[in-house]
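Quick notes on the structure that follows.
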Amino acid sequence: MTLRLHNTLTGRKEDFEPLEAGHVRMYTCGPTVWNYAHVGNLRAFLFYDLVRRHLRVSGYRVTHVMNLTDIDDRILDQAMHARTTIEEYVKPYAQAFFEDMAALRAERAEHYPRATEHIPEMVDMISSLIEHEYAYIADGDVYFRIDSFPRYGELSHLDRAGLKAGVRVATDKYEKESVSDFALWKRSHPEDEEIGASWDAPFGKGRPGWHIECSAMSKRYLGDTLDIHAGGIDLMFPHHENEIAQSEAANHKTFARVWLHSEHLSDATGEKMSKSAGGFTTLRDLVAAGHDPLAVRMFLIANAHYRSRVRLSPEALHAAAEQVRRLREFAERLDRTTPAGEDDHALARRTAEVRAGYRDALDDDLNLPQGVGLVFDHLREANAALDAGRVGPLNKDALRALLSDVDAHLDVIRAEEPGLAEEVERLIAERETARRERDFARADRIREDLKSRGIALEDSKDGVRWRRLRPAERS
RNA sequence: GGCGACGUAGCCAAGUGGCAAGGCAGAGGUCUGCAAAACCUCCAUCCCGAGUUCGAUUCUCGGCGUCGCCUCCA
């Protein structure tokens, strides 16, 4: 099967083919670093990670750009209150973003451009838009003239008549020709200078509007036409619509060929998680509550398809954690296993089927939940075969390959801490001696002692194994 | 008001015009000094009604319910 992706532009799944053979140019809307990212934000970012991983699995070279919005109204407000510059204000949150992404094992993008470092590119683009009358200056601000771009609304399938009807009156503080026109540039106020949020431009001192940064930075790093542009579904309108208008008006080329949008994560009440609405959960919150970041990763990318809404719940996180544990347990067991003399041909056939099915599921608009389901089904068969000692050398290799396929997307199997703690090994040996002498009281004491330190022991025919307990498992 | 999505077991969730994946939780069992892991067994007439069809959870229409976008937002 070839890779098929659901393109918001057409509302259909389409065969994917990049403009340049073998090379995908992808732009994804990153965080506004005015605060910690909440888990809903992270869902979108891990969705981007899934896309890029699958593209790479599919043999493409990927140039992935994810922006950091380090200037916007919220940042201005916060910096002003904190009496600092926007640059200083944003620092810890930008750092926290990269820490969160690392903890969640998101692959790094090729470029993380920041808005404030690309003002000249934005100014150029705005100048060109003004020159060609796609934009106009009003009272020091610069607006995009929506009437100049007839295709406005195509992505979000909103017609312009409906838009105008829906717009609230609150935006009337600006001198706009039309209520739907959006800001490309906002003129400076005296306070903006003090917090480092003001730049010179031919059309007057000011700061960029939000939308223009993506148009300018994607052009700078990826050119006029992107193969894939992705973002959370709430960005579809107006942000992505505005990006299309700006870029296509300025470049006279198709801006993005495929648009991917990931659905929202809702909070415990079932409503969209959002910063402005109050209750939101960060990765830090979940870790403090005893959740493994990789369980969070598993939950966010594999619990439900990216285009369906999911609700954050302790039960779902627990289920994801169990899935991670089962995968690891199986991987370790496989590694320990000495292959049987001959291979189980039925098992080999099934493993091959599952590998193909997994691949097909991912090719079908990144249906990771379905793929993972197939794999867990097969894990049961494989565990039974291991129980029965029926796993031969080829079986073992094939199962390893299956795990490797799955972990290319999930990336949760690899253990965090390489190397065994020697002390644990020593205590295990001590306990084995006690068990041989049938001193079970002492054996249990050692096991309990290790458990209290976060290490679980498991006795089996092949000897004693140990693993780290998740914080939530300790008691 | 306009546009749109969704409603599958106690929970999460995939999916198909032809007897409904997977995970979590639960019950019973095998194994084990005990436990854990693993395995086995059990656990769904797919929101309601009508229609199309030999046959619908899957298509159409109508209800009811939940949610999203139309405004900053991943």
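Order of the sequence lines sets the chain letters (A, B, ...), proteins ahead of strands, with each chain counted from 1. Quick caveat, the model's predicted, so the values are computed rather than measured.
- Using a 4.0 Å heavy-atom distance criterion, A/F330 is classed as making no nucleic acid contact.
- Between A/D407 and A/R400 there is no salt bridge, since no side-chain N of the basic residue sits under 4.0 Å from a carboxylate O of the acidic one.
- When each of B/C39, B/A14, B/G33 is scored by its nearest atom to the side-chain atoms of A/P369, the top-ranked nucleotide is B/A14.
- Residue A/R380 places at least one side-chain N or O closer than 4.0 Å to OP1 or OP2 of B/C40.
- Atom P of nucleotide B/U32 and atom CZ of A/R431 are separated by 16 Å, given to the nearest angstrom.
- The residue A/G40 sits close to a base: some heavy atom pair falls under 4.0 Å.
- The distance between atom CD of A/E315 and atom P of B/G10, rounded to the nearest whole Å, is 15 Å.
- Comparing B/A50 with B/G68, their C1' atoms sit 29 Å apart, to the nearest whole Å.
- The side chain of A/L265 lies closest to B/A74, out of B/U71, B/G33, B/A74.
- Using Watson-Crick or G-U wobble geometry with both donor-acceptor distances under 3.5 Å, B/U57 finds no partner in any strand shown.
- Ring orientation note: the planes of A/F45 and A/F97 are nearly perpendicular, at an angle over 60° on the 30°/60° scale.
- The residues A/R284 and A/D100 are annotated as salt-bridged, a charged nitrogen and a carboxylate oxygen being separated by less than 4.0 angstrom.
- Considering only side-chain atoms of A/A316, the nucleotide from B/G68, B/C24, B/C12 that sits closest is B/C12.
- Residue contacts for A/L374: at a heavy-atom cut-off of 4.0 Å it reaches no nucleic acid atom on any strand shown.
- A donor N or O paired with an acceptor N or O is not found under 3.5 Å between the base of B/A36 and the side-chain atoms of A/R465.
- Judged purely by distance below 3.5 Å, without hydrogens or angles, the side chains of A/D234 and A/H239 never pair a donor atom with an acceptor atom.
- In the set B/A25, B/C72, B/A74, the nucleotide with an atom closest to the side chain of A/H318 is B/A25.
- Taking atom C1' in both B/U57 and B/U52, one finds a spacing of 16 Å when rounded to whole Å.
- Across the strands present, B/U71 finds no partner; the criterion is a Watson-Crick or G-U wobble pair with both atom distances under 3.5 angstrom.
- Of the nucleotides present, none pairs with B/C34 by Watson-Crick or G-U wobble criteria with both distances under 3.5 Å.
- Considering only side-chain atoms of A/R325, the nucleotide from B/C39, B/A38, B/C34 that sits closest is B/A38.
- Counting distance only, with no hydrogens placed and no angle test, the side-chain atoms of A/D72 and the base atoms of B/C72 include no donor-acceptor pair under 3.5 Å.
- Nucleotides B/G29 and B/G63 place their C1' atoms 47 Å apart, quoted to the nearest Å.
- When distances are taken from the side chain of A/N367 to each of B/A14, B/A74, B/C69, the shortest belongs to B/A14.
- Nucleotides B/C12 and B/G26, compared at atom C1', are 15 Å apart to the nearest Å.
- No contact: A/R311 has no heavy atom under 4.0 Å from any strand.
- Across all strands, A/F440 comes closer than 4.0 Å to base atoms (heavy-atom distances).
- Between A/R350 and A/E353, at least one side-chain nitrogen of the basic residue sits less than 4.0 Å from a carboxylate oxygen of the acidic one, meeting the salt-bridge criterion.
- Of the candidates B/A25, B/A74, B/A35, the closest approach to any side-chain atom of A/C29 belongs to B/A74.
- Here A/D234 lies in heavy-atom contact (under 4.0 Å) with a base.
- Residue contacts for A/S313: at a heavy-atom cut-off of 4.0 Å it reaches no nucleic acid atom on any strand shown.
- No contact: A/R390 has no heavy atom under 4.0 Å from any strand.
- A salt bridge links A/R52 to A/E110: at least one charged side-chain nitrogen sits closer than 4.0 Å to a carboxylate oxygen.
- Side-chain to base pairing of A/D444 with B/G33: one donor and one acceptor N or O lie within less than 3.5 Å of each other.
- The aromatic ring centres of A/Y36 and A/F280 sit 6.0 Å or more apart.
- The partner of B/G10 is B/C24, by the rule that a Watson-Crick or G-U pair needs both atom distances under 3.5 Å.
- Atoms CE (A/M298) and P (B/C24) sit 10 Å apart, rounded to a whole Å.
- Note: CG (A/D377) to P (B/G15) measures 16 Å, nearest angstrom.
- Summarising the base pairing, B/U52 is matched to no nucleotide, lacking a Watson-Crick or G-U wobble pair whose two defining distances lie under 3.5 Å.
- Between the C1' atoms of B/G62 and B/A74, the separation comes to 36 Å (whole Å).
- Nucleotides B/A14 and B/U8 are separated by 10 Å at their C1' atoms, to the nearest Å.
- Regarding contacts with the backbone of B/C12, every side-chain N or O of A/N303 stays at 4.0 angstrom or more from both OP1 and OP2.
- Close to B/A35, at under 4.0 Å from its OP1 or OP2, lies no side-chain N or O of A/K451.
- When Watson-Crick and G-U wobble pairs are counted only if both distances are under 3.5 Å, B/C43 pairs with no nucleotide at all.
- Checked against B/G68, B/C24, B/A14, the side chain of A/S308 finds its nearest nucleotide in B/A14.
- Taking a cutoff of 4.0 Å between a charged side-chain nitrogen and a carboxylate oxygen, A/D439 and A/R435 do not qualify as a salt bridge.
- Here B/U16 sits opposite no nucleotide as a Watson-Crick or G-U wobble pair (both hydrogen-bonding atom distances under 3.5 Å).
- Where A/H157 and A/L457 meet RNA chain B, the nucleotide closest to each residue was compared, and A/H157 sits on the side nearer the 5' end.
- Atom pair A/Q370:CD and B/A13:P shows a separation of 16 Å (rounding to whole Å applied).
- Taking 4.0 angstrom as the limit, A/S156 places none of its side-chain polar atoms (N or O) nearer than this to OP1 or OP2 of B/C69.
- Using a 4.0 Å cut-off between charged nitrogen and carboxylate oxygen, A/D49 and A/R53 count as a salt-bridge pair.
- One C1' atom belongs to B/G7, the other to B/G15, and the distance between them is 15 Å to the nearest Å.
- Spacing of P atoms, B/C6 relative to B/G23, comes out at 26 Å, to the nearest Å.
- Residue A/F45 places its side chain closer to B/A74 than to any other of B/A74, B/C12, B/C69.
- Within 3.5 Å, no donor on the side chain of A/R309 pairs with an acceptor on the base of B/C6, nor the reverse.
- In this structure, the CD atom of A/E154 is 16 Å from the C1' atom of B/C3, given to the nearest Å.
- Contact annotation for A/H305: backbone-only contact, meaning every heavy-atom pair under 4.0 Å involves sugar-phosphate atoms and none involves a base.
- Using a 4.0 Å heavy-atom distance criterion, A/G373 is classed as a base contact.
- Rounded to an integer number of Å, the gap from A/H240 NE2 to B/C72 P is 14 Å.
- Between the P atom of B/U71 and the CE atom of A/M236 lies a distance of 13 Å, rounded to the nearest Å.
- Each of A/H6, A/K13, A/E14 was checked for a side-chain hydrogen bond (donor to acceptor under 3.5 Å, both in side chains) with A/T10, and the lone residue meeting it is A/E14.
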